[in-house]
Engineer: 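There's a structure below that I have some questions on.
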Amino acid sequence: MNWFRLSVSKWRSLVKFIGLFCLCLVVAISCGRRPDATTPSGSPSAATSTGDGRITIGTTLKPRILDPAEAYELRSLGFVHNMSDRLYTYEPGSTTLKPQLATALPKISADGLTYTIPIRQGVIFHDGTPFNAAAMAFSLQRFIENKGKPSFLLADTVDSLKATGEYELTIKLKKPFAAFPSLLAFSGTCAVSPKAYKIGLNKFEPNTFVGTGPYKLASYGTDSLRFDLFDKYWGDKPANQGVNVQIFANNAANLFNAFKTGSVDIAYLSLDPDQIRTLEQGATSGGYQSISAQGSVVSFLVLNVRQKPLDNPIVRQAIAAVINRPLLKDRVLYGQAESLYSMIPTTFDVSTPLFKDKYGDGDTAKAKQLLEQAGYSATNPLKVQMWYPSESPTRRLAASTLQALAEQQLGGVLQFDVQTVDGATFFKDIAKGSYQTALLDWYPDFLDPDNYVQPFLQCSKGSAAKGCDEGGSQTQGAFYYSDRINQLIDQERKEQNPEARRKIFAEIQEIVAKDVPYVPLWQSKDYVFSQKGVTGVGIEPTQTLPYSTMKK
């Protein structure tokens with residue numbers, strides 16, 4: 001059979017047949033599968049429970065580990081978040097902090113180094129161990145000393161911590177850091193039982209979790225998890241009777257089909273853009289719900305200021321003027337994102353759209369004027385390589401769209417040479433300065449404007465003449481160095497007054513828009529789909545899907 005000579009209609013019929021066959025095969029295999037060794041009896045099935053008040057969530061993301069000291073991916077942290085409590089959390093749907101296992105925001109010393117935190121009483125862990133300040137100190141110390149992937153978040157910041165009372169925790173920092181309470185809302189900094197965990201290098205508990213949250217882990221199988229209610233939870237009781245999670249590992253088609261056939265109540269992370277578009281368009285007629293929320297993930301173009309011709313700021317400004325965000329939003333993202341005009345997303349009120357004010361979108365005249373000023377023309381074109389990790393279809397489409405845009409609008413004066421490499425090689429080499437420009441995403445560790453500034457711009461070793469040798473700017477591949485930016489980052493980290501801090505972030509954004517070591521592109525939108533009759537479904541700015549509010 002010559003597969004390439006099949007007509008489109010035959011292809012569609014064949015694809016439908018194969019899809020139906022695969023779905024039936026998956027169902028058949030699932031029904032016939034023996035219980036997994038790590039899955040006790042009673043583990044969830046793909047079918048939604050009816051009448052027992054439990055919610056079934058479908059996802060493609062299989063967690064790597066459930067130990068909060070090692071978990072550093074969205075796929076793990078989402079589960080940890082729903083089983084745990086942190087000292088601080090966010091008001092629903094916002095980036096405003098509120099106490100959780102703390103009873104108030106911290107008392108901060110005049111030098112900004114000592115944080116005194118009152119601890120909640122009457123809390124117990126899932127294993128019955130009482131919670132107190134010593135247990136919280138144990139949890140944070142373990143997060144640091146076990147040296148998991150996210151340990152640097154506290155290790156780089158905290159000098160010492162100890163229980164200074166049965167219900168009082170005192171933390172001393174190495175340097176002032178105004179965003180420190182936000183860091184204590186990171187899911188990995190949750191409280192864990194001192195009886196169930198140990199402190200020690202790489203001593204992790206991958207398949208268990210013992211915290212203080214409203215759900216406790218009932219089972220952890222290869223393709224499913226089950227969360228039961230913790231009946232001694234100190235806070236508000238969940239609206240449901242428990243949650244089942246069905247994992248369609250890296251198979252968005254199976255998740256899509258499971259939701260369409262009603263096998264799961266909720267579909268969340270990660271459907272393909274065209275599947276999201278299909279579900280969005282069919283929500284009303286299909287009788288299900290489509291819920292979207294502004295996300296906190298930003299996508300951007302990094303410009304390596306160490307490589308010629310990008311060492312010329314006028315060249316970087318010309319590239320910024322070429323970028324057409326509405327075009328990317330419509331053709332690449334199907335409207336499933338928001339245009340971004342600052343490296344600080346609009347999630348924060350300090351965000352200022354300076355790239356829109358200075359460069360617009362696809363301002364061909366401005367780009368040509370800047371390129372001419374830099375000495376480029378149709379006979380002497382500017383040629384720039386644009387790299388991205390090959391596993392990303394969105395960035396592949398974005399790169400080709402920008403390449404075509406430059407070719408069509410600038411008459412060959414600017415030519416993007418699109419290049420790709422596997423993700424492991426890409427992320428290993430970008431800090432070495434291998435790429436002229438690159439398309440990247442940033443998933444924040446915690447919700448504060450600092451987390452969109454310091455990791456991109458701070459440079460601890462370098463010079464304006466030679467660029468950055470060591471620091472966030474080098475890690476991201478920009479190699480940008482600015483004495484003034486380093487000073488401003490130090491200032492915003494020390495500043496406790498929100499209005500004074502806002503002015504510092506405003507100056508940082510002004511400098512970035514002028515020097516253009518990065519070009520912000522878009523800010524994510526997150527989507528979740530729920531069956532008719534399921535209520536209380538929403539997505540937090542942290543990309544967390546809260547389980548406790550869902551009900552059917």
Side-chain angles (χ1 to χ4, degrees), residues 11-39 42-50 54-64 66 73-79 82 219-227 242-283 285-292 334 336 391-394 423 526-534 537 539 543 545 547 550 552:
W11 263 111
R12 287 174 177 164
S13 299
L14 181 60
V15 169
K16 285 181 180 178
F17 171 77
I18 293 173
L20 183 60
F21 175 78
C22 292
L23 180 62
C24 293
L25 185 61
V26 167
V27 172
I29 291 173
S30 298
C31 291
R33 179 179 289 124
R34 293 180 180 178
D36 187 84
T38 59
T39 308
S43 63
S45 67
T48 57
S49 304
T50 55
R54 296 181 70 90
I55 301 289
T56 299
I57 299 171
T59 181
T60 65
L61 302 183
K62 181 178 174 61
R64 181 178 60 88
L66 293 180
E73 306 87 6
L74 189 62
R75 60 186 62 199
S76 297
L77 291 172
F79 297 128
N82 278 290
S219 68
Y220 181 14
T222 54
D223 60 1
S224 64
L225 293 92
R226 181 185 174 97
F227 303 104
V243 171
N244 303 335
V245 175
Q246 187 67 39
I247 299 170
F248 304 91
N250 300 318
N251 196 325
N254 280 355
L255 173 60
F256 178 82
N257 288 329
F259 182 76
K260 289 285 286 183
T261 58
S263 296
V264 297
D265 297 311
I266 305 284
Y268 183 58
L269 294 178
S270 294
L271 292 165
D272 295 337
D274 58 336
Q275 293 168 334
I276 290 175
R277 182 171 57 172
T278 299
L279 290 178
E280 260 199 306
Q281 293 172 344
S285 59
Y288 54 85
Q289 303 166 79
S290 169
I291 300 154
S292 64
Y334 303 130
Q336 296 163 21
E391 295 85 351
S392 172
T394 301
D526 298 318
Y527 290 83
V528 59
F529 299 94
S530 64
Q531 304 290 358
K532 185 179 181 180
V534 179
V537 182
I539 314 168
Q543 283 193 287
L545 179 70
Y547 297 167
M550 295 189 294
K552 71 173 184 178

Engineer: Measure up the Tyr547 and Phe79 rings against each other and bin them: parallel (under 30°), tilted (30 to 60°), perpendicular (over 60°).
Structural biologist: tilted
Engineer: Only one of Val534, Leu271, Ile291 passes side chain to side chain contact (heavy atoms under 4.5 Å, CB included) with Phe529; say which it is.
Structural biologist: Leu271
Engineer: Check whether any side-chain heavy atom of Phe256 sits under 4.5 Å from a side-chain heavy atom of Ile276, and report yes or no.
Structural biologist: no
Engineer: Going through the checks in order, is the side chain to side chain contact (heavy atoms under 4.5 Å, CB included) test met by Leu66 and Leu225?
Structural biologist: CA-CA 11 Å; Leu66 293 180; Leu225 293 92; 4.3 Å; yes
Engineer: Could you tell me which non-hydrogen atom of Gln531 sits nearest to which non-hydrogen atom of Val264, and how far apart they are?
Structural biologist: NE2-O, 3.0 Å
Engineer: What is the distance from atom CD1 of Ile57 to atom CD1 of Ile247, rounded to the nearest 0.5 Å?
Structural biologist: 11.0 Å
Engineer: Is there a side-chain contact between Ile266 and Val528 (heavy atoms, below 4.5 Å)?
Structural biologist: yes
Engineer: Report yes or no: does Thr59 contribute a side-chain atom to a donor-acceptor pair with the main-chain N or O of Tyr268 at less than 3.5 Å?
Structural biologist: yes
Engineer: Glu391 side chain to Gly423 main-chain N or O, any donor-acceptor pair under 3.5 Å?
Structural biologist: yes
Engineer: Assess whether ring pair (Phe, Tyr, Trp, His ring centres under 6.0 Å) is satisfied between Phe259 and Tyr288, documenting all intermediate values.
Structural biologist: CA-CA 10 Å; Phe259 182 76; Tyr288 54 85; 5.3 Å; yes
Engineer: Tell me, do Leu545 and Val537 make a side-chain contact under 4.5 Å, heavy atoms counted?
Structural biologist: yes
Engineer: Listing request: all salt bridge (Lys or Arg N to Asp or Glu O under 4.0 Å) pairs with a residue in residues 55-64, at least two apart in sequence or in separate chains.
Structural biologist: Arg64-Glu70, Arg64-Glu73
Engineer: Identify the two heavy atoms, one from Leu255 and one from Ala267, that lie closest to each other, and give their separation to 0.1 Å.
Structural biologist: CD1-CB, 4.0 Å
Engineer: For Gln289, which residues count as a side-chain hydrogen bond (donor to acceptor under 3.5 Å, both in side chains) partner, sequence neighbours excluded?
Structural biologist: Ser530
Engineer: Treating Thr60 as the side-chain partner and Ser270 as the backbone partner, does any N or O pair qualify as donor plus acceptor under 3.5 Å?
Structural biologist: yes
Engineer: Pro63 and Tyr220: which non-hydrogen atoms are nearest, and at how many Å?
Structural biologist: O-OH, 3.3 Å
Engineer: Among Lys532, Arg54, Lys552, exactly one meets side-chain hydrogen bond (donor to acceptor under 3.5 Å, both in side chains) together with Asp265. Which residue is that?
Structural biologist: Lys552
Engineer: Say you draw a straight line from CD of Gln543 to CG of Asp526; how long is it, rounded to the nearest 0.5 Å?
Structural biologist: 4.5 Å
Engineer: Spell out, as yes or no, whether a donor-acceptor pair under 3.5 Å connects the side chain of Gln275 to the backbone of Asp272.
Structural biologist: yes
Engineer: Could you check whether any side-chain heavy atom of Tyr527 comes within less than 4.5 Å of a side-chain heavy atom of Glu280, counting everything from C-beta outward?
Structural biologist: yes
Engineer: Using a 4.5 Å cut-off on heavy atoms from C-beta on, say whether the side chain of Asp223 contacts that of Gln246.
Structural biologist: yes
